Visitor: 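Dropping a structure here in structure tokens format, bear with me for questions.
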Amino acid sequence: QVQLVESGGGSVQTGGSLRLSCASSGYTGDFNCMGWFRQAPGKDREGVAAVCGRALTKKSANSVKGRFTISRDHAKNTVYLQMDSLKPEDTAIYYCAARGGSGTPAQTLPLALKPSIYNYWGQGTQVTVSS
């Protein structure tokens, strides 16, 4: 049984930083892509950042570019999200996701911020940014 477990959420003030971690277990081999999504109350789940393939090709949402950095440890099948210069609008539940199966980075990267391509999800961790 594949499990993804997020950690590192919490409450910070505007301009602060947090580092989220997502540890996986139960999966044999490498995930095709791993990513972070978030969902604020009353809003749809949106892609924040993703990393795909052995070349660790990355994709991030325009709203977080220059502030959030995704990284991945292939050996541990773990993904991280460093969040700097946090804003109140970043407040949400943050979910880790992983995609198993086939697909080259050229095929999956254009879709890497879409929830529908991911097979596995964590339970989420709350991030709250106060002004």
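In this text, all values refer to a predicted model and were calculated from it rather than measured experimentally.
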Visitor: Taking transitive links into account, so neighbours of neighbours count too, which hydrophobic residues share a cluster with Phe31 at under 4.5 Å side-chain distance?
Guide: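 Cluster partners of Phe31: Val2, Leu4, Val12, Leu18, Leu20, Tyr27, Met34, Trp36, Val48, Val51, Leu56, Val64, Phe68, Ile70, Val79, Leu81, Met83, Leu86, Tyr94, Tyr120, Val127, Val129.
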
Visitor: Regarding Thr108 and Asn32, is there a side-chain donor-to-acceptor distance under 3.5 Å anywhere?
Guide: yes

Visitor: Distance-only, no hydrogens or angles: does the Asp73 side chain make a donor-acceptor pair with backbone N or O of Thr78 under 3.5 Å?
Guide: no

Visitor: When rounded to the nearest 0.5 angstrom, what is the spacing between NZ in Lys58 and OG in Ser71?
Guide: 6.0 Å

Visitor: Minimum heavy-atom separation for Ser131 and Pro88, please, with both atom names.
Guide: CB-CG, 4.0 Å

Visitor: Minimum heavy-atom separation for Asp90 to Arg67, with atom names?
Guide: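 Result for this residue pair: OD2-NH1, 2.7 Å.
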
Visitor: Backbone N or O of Ala61 within a donor-acceptor pair of the Ser63 side chain at under 3.5 Å?
Guide: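 No, Ser63 side chain to Ala61 backbone: no donor-acceptor pair under 3.5 Å.
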
Visitor: If every non-hydrogen atom of Cys96 is compared with every non-hydrogen atom of Glu6, which pair is closest and at what distance?
Guide: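 Scanning both residues, the minimum pair turns out to be N-OE2, 2.9 Å.
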
Visitor: Return yes when atom CD of Gln13 has more than 12 non-hydrogen atoms of other residues, nucleotides or ligands closer than 6.0 Å, and no otherwise.
Guide: no

Visitor: Report yes if the side chains of Leu113 and Lys59 come closer than 4.5 Å at any heavy-atom pair, otherwise no.
Guide: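 Yes. Closest side-chain heavy atoms under 4.5 Å.
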
Visitor: So, for Ala112 and Phe37, which heavy atoms are closest and what is the spacing to 0.1 Å?
Guide: O-CZ, 3.9 Å

Visitor: Using modelled atom types and a 3.5 Å cut-off, is there a donor and acceptor pairing between side-chain atoms of Thr128 and backbone atoms of Thr91?
Guide: no

Visitor: Find the distance between CG (Leu109) and SG (Cys52) and round it off to the nearest 0.5 Å.
Guide: 5.0 Å

Visitor: Taking all atoms of both residues into account, what is the closest heavy-atom pair of Lys65 and Asn62, and its distance?
Guide: NZ-OD1, 3.2 Å

Visitor: Rounded to the nearest 0.5 Å, what separation is found between the SG atom of Cys22 and the NZ atom of Lys76?
Guide: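 Atom-to-atom, Cys22:SG and Lys76:NZ are 13.5 Å apart.
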
Visitor: Are Glu46 and Arg38 side-chain neighbours, meaning at least one heavy-atom pair lies under 4.5 Å?
Guide: yes

Visitor: Okay, side chain of Asp30, backbone of Gly100: is any donor-acceptor separation there less than 3.5 Å?
Guide: no

Visitor: Which atoms form the tightest heavy-atom contact between Tyr118 and Gly35, and what is the distance?
Guide: CE2-N, 4.1 Å

Visitor: Give, for atom CD of Gln123 and atom CD of Gln3, the distance between the pair rounded to the nearest 0.5 Å.
Guide: 9.0 Å

Visitor: Is the cationic atom of Arg72 (NZ for Lys, CZ for Arg) positioned less than 6.0 Å from the six-membered ring centroid of Tyr80 and within 45 degrees of its normal?
Guide: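 Geometry flag: not set, cation outside 6.0 Å or 45°.
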
